[in-house]
Amino acid sequence: MIPKTIIIITGPTAVGKTSLAIDLARQYNTSIISADSRQCFQELNIGVAKPPRVHLEEIPHFFINSHVITQEVHAGTFEGYAMDAVSRIFSERDIAIMAGGTGLYIRAFCEGLDSIPQIPAGVRQQIVAQYAQSGMEWLHQEVEKKDPLFFAEGEIRNPQRLMRALEVMIYTGKSIREFQQQKKITRNFSMLKIGLELDSDLLKRNIQHRVDEMIEKGLAGEVRQLITYRGLNALRTVGYTELFEHFDGKISLNEAIEKIKANTRAYAKRQMTWFKKDKEITWFDARNVDDVKKWVELKLKIKN
RNA sequence: GGUGCGGUAGCUCAGUUGGUAGAGCAAAGGACUGAAAAUCCUUGUGUCGGCGGUUCGAUCCCGCCCCACACCA
C-alpha cells in the first residue's frame, strides 16, 4: 500500500507557489489546501493574490473562500480545517498538496498546536479595550501581577503576546507557559516540504509587478468597498491598510502603492526568516520548477 | 536682475547659544504556538552644497559662488 503523502510548497510571497501547486495537482490528479491566512476570506480577492478563477474551478481548493471576514480565523482554526481536508483528500487519493506562505499555519498543520482552551471573544475584547485606553504600562503591570511566569521569559514588549498571555490567564487561571509544551504531534501520513526561493532582486521585481498588476485590476475599488470593516483582523493586511490611509487623505495613491511594495518586501523577508529555520524544507530556485517536479517524482517512487 | 527661504544618512526632516550630529521611513539581520500579510527586537560616519575668512576649533558666525523653491521686477 502506498503511504499517504502531502507535498507542501512554501516560500515568500510572489515566488510562484500557486502555479507550481497547480501544476503538481494536475500531474497527480489531486486537490490543494491553501496555507494562507488571508486567501480564506471571500471578500478579499485582488489584494491577496488568489489563484485565478479558472484554476479554482479546475482543481478543488481548500481554505480558499472558505470563510468570511467577520469570522475569527487563527492558527487553531487552520489546523482543524486542514486536518479535516487532508483526511478527505486521502480517502480518495494518495497524494495531497498544500501551498502557502503562512509559516505558523504550516507548522500547526505539520506538528500540531498545544491544546489551549478556546477563550471566549469577550475576554479578549475587554483586554484590547483596556489596553487601548490605558496603554503599555497597564498591560505590563497586569501581566507581571497575574502571570509572572510569562512576564519573566515572554516577549514583554510585544503587546499581542502580552494580551494573549493575559486572556489565557484570566480565563483558565493558568499561565500560557504551562500550556505551551511544544510537543510535536506525529501525523499518520508523510510530508515533503519544498521551499521556493528567489534572488532578492528578482523577488523585489516580482513584488513590484504584482502590486502594479493589483492596482490595474482595481485593488483600490475593492479596498474602498471594505472600508467599514477596516477594524477586523482580516483587513489588517498589506495592500489594504495602506489604501485605507489613502482614503483617509493621509497619503496619495502613489505613496500608498509605494508603501504596499515596501511592506510586501518586509513581509517576504519575515517569511524567509521563519522558513529558513525549518530544516525539513528542501529548497529550490523558483526559476527551475522542473527540478522540483523531478525531485518530487523521485521521492514518491522511493516511498513506494 | 532683486528679495526671501532652503541645501544635513537612500528619502522626509530635526539639531548643534561654535567642541565634527539624530529621529521617522527605507535597508540589513533576528524573534515569534490561537491577531502571523499580524506583532515585536537589534543595527545610523554622513566631504552637515562648494571655496575662502574669523577662531585653539566651524556643519553652526562672515564673504563669495553653485543649486532648488517662492515672491517682486
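In what follows, chains carry the letters A, B, and so on, assigned in the order in which the sequence lines appear, proteins first and then strands, with residues in each chain numbered from 1. Bear in mind the structure is a predicted one, so any value in this text is a computation, not a measurement.
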Span that lies between the [atom1] atom of [M] and that of [N], in whole angstrom:
N	M	atom1	answer
G52(B)	G29(B)	C1'	45 Å
G7(B)	G15(B)	C1'	16 Å
U8(B)	U42(B)	P	28 Å
A9(B)	A73(B)	P	36 Å
C25(B)	C62(B)	P	35 Å
G1(B)	C64(B)	P	16 Å
G24(B)	A14(B)	C1'	10 Å
C41(B)	U59(B)	P	36 Å

Problem - Comparing K183(A) and N233(A) on RNA chain B - which has the more 5′ nearest nucleotide - result: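 First, find each residue's nearest nucleotide; the 5'-ward one identifies K183(A).
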Handout entry: S115(A) or T13(A), whichever maps to the more 5' nucleotide of RNA chain B
Key =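 Upstream on the strand: S115(A).
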If you look at every strand shown and take non-hydrogen atoms under 4.0 Å, does [X] touch a base, only sugar-phosphate, or nothing?
X	answer
V73(A)	sugar-phosphate
I119(A)	nothing
Y105(A)	sugar-phosphate
T237(A)	base
Q182(A)	base
S200(A)	nothing
G47(A)	base

Give the rounded distance in Å between these two atoms: [atom1] of [X] and [atom2] of [N].
X	N	atom1	atom2	value
E258(A)	U12(B)	CD	P	14 Å
F150(A)	A31(B)	CZ	C1'	12 Å
Q126(A)	A35(B)	CD	P	17 Å
R236(A)	C40(B)	CZ	C1'	13 Å
R164(A)	U33(B)	CZ	P	12 Å
F109(A)	U33(B)	CZ	P	19 Å
R107(A)	C32(B)	CZ	P	7 Å
Q39(A)	A37(B)	CD	C1'	10 Å

Residue [X], side-chain atoms from C-beta onward, closest of [options]:
X	options	answer
K269(A)	G29(B), C32(B), A35(B)	G29(B)
E155(A)	C40(B), A35(B), U33(B)	C40(B)
R270(A)	U33(B), A26(B), A38(B)	A38(B)
K276(A)	A36(B), U39(B), G30(B)	G30(B)
R157(A)	A31(B), C40(B), G34(B)	C40(B)
T273(A)	A27(B), A31(B), U39(B)	A31(B)
Y267(A)	U33(B), A37(B), A28(B)	A37(B)
N158(A)	C40(B), G30(B), A36(B)	C40(B)
S37(A)	A37(B), G34(B), A35(B)	A37(B)
R265(A)	A35(B), A37(B), A26(B)	A26(B)

Handout entry: Under 3.5 Å donor-acceptor, K4(A) side chain and F90(A) backbone
Key =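 Checking the backbone N and O of F90(A) against the side chain of K4(A), a donor-acceptor pair under 3.5 Å is found.
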Handout entry: Flag, side chain of E280(A) to backbone of K193(A), donor-acceptor distance under 3.5 Å
Key =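 No, the answer is negative, given that no donor and acceptor are paired below the 3.5 Å cut-off.
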Practice task
Let me see the working for K17(A) and D36(A) under salt bridge (charged side-chain N to carboxylate O under 4.0 Å, His left out), right down to the final yes or no.
Solution key: CA-CA 11 Å; K17(A) 300 184 291 293; D36(A) 184 298; over 6 Å; no
Practice task
Tell me whether G34(B) sits syn or anti, counting syn as a glycosidic angle within 90° of 0.
Solution key: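 Judged by the O4'-C1' to base torsion, G34(B) sits in syn, the angle falling within 90° of 0.
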Does any part of the side chain of [Y], heavy atoms only, come nearer than 4.5 Å to the side chain of [X], both counted from C-beta?
X	Y	value
R164(A)	I116(A)	yes
I33(A)	I89(A)	yes
L162(A)	M136(A)	yes

Handout entry: Side-chain donor-acceptor contact under 3.5 Å, R38(A) with T237(A)
Key =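 Distance-only check passes for R38(A) and T237(A).
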Practice task
Would you check if there is a donor-acceptor pair between the side chains of Y171(A) and Q118(A) at a distance under 3.5 Å?
Solution key: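 Result is no, nothing qualifies.
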Practice task
Tell whether N263(A) reaches the base of A37(B) with its side chain through a donor-acceptor pair below 3.5 angstrom.
Solution key: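 A donor-acceptor contact between them is absent.
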Exercise for the section: Answer yes or no: side-chain N or O of R161(A) and base N or O of A38(B) forming a donor-acceptor pair under 3.5 Å. Expected result: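 Check passes, donor-acceptor contact within cut-off.
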Practice task
Indicate whether OP1 or OP2 belonging to G34(B) is found under 4.0 Å from a side-chain N or O atom of Q180(A).
Solution key: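 Q180(A) to G34(B) OP1/OP2: side-chain N or O found under 4.0 Å.
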Exercise for the section: Using a cut-off of strictly less than 4.0 Å, decide whether R38(A) has a side-chain nitrogen or oxygen near OP1 or OP2 of A36(B). Expected result: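 True: R38(A) side-chain N/O within range (under 4.0 Å) of A36(B) OP1/OP2.
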Practice task
Determine the interplanar angle of the Y81(A) and H67(A) rings, folded into 0 to 90°, and report it as parallel if under 30°, tilted if 30 to 60°, perpendicular if over 60°.
Solution key: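 If you compare the ring of Y81(A) with that of H67(A), the planes turn out tilted.
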Practice task
Give, for atom CD1 of I207(A) and atom NZ of K261(A), the distance between the pair rounded to the nearest 0.5 Å.
Solution key: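 Those atoms lie 11.0 Å apart.
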Exercise for the section: Apply the side-chain contact (heavy atoms from CB on, under 4.5 Å) test between W295(A) and each candidate in L300(A), I194(A), D290(A); give the one that qualifies. Expected result: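 Of L300(A), I194(A), D290(A), side-chain contact (heavy atoms from CB on, under 4.5 Å) with W295(A) is met by I194(A) alone.
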Exercise for the section: State the dot-bracket string of RNA chain B. Criteria: Watson-Crick or G-U wobble, both atom distances under 3.5 angstrom; notation: ( ) intrastrand, [ ] crossing earlier pairs, | interstrand, . unpaired. Expected result: ((((.((..((((.....[..)))).(((((.......))))).....(((((..]....))))))).)))).
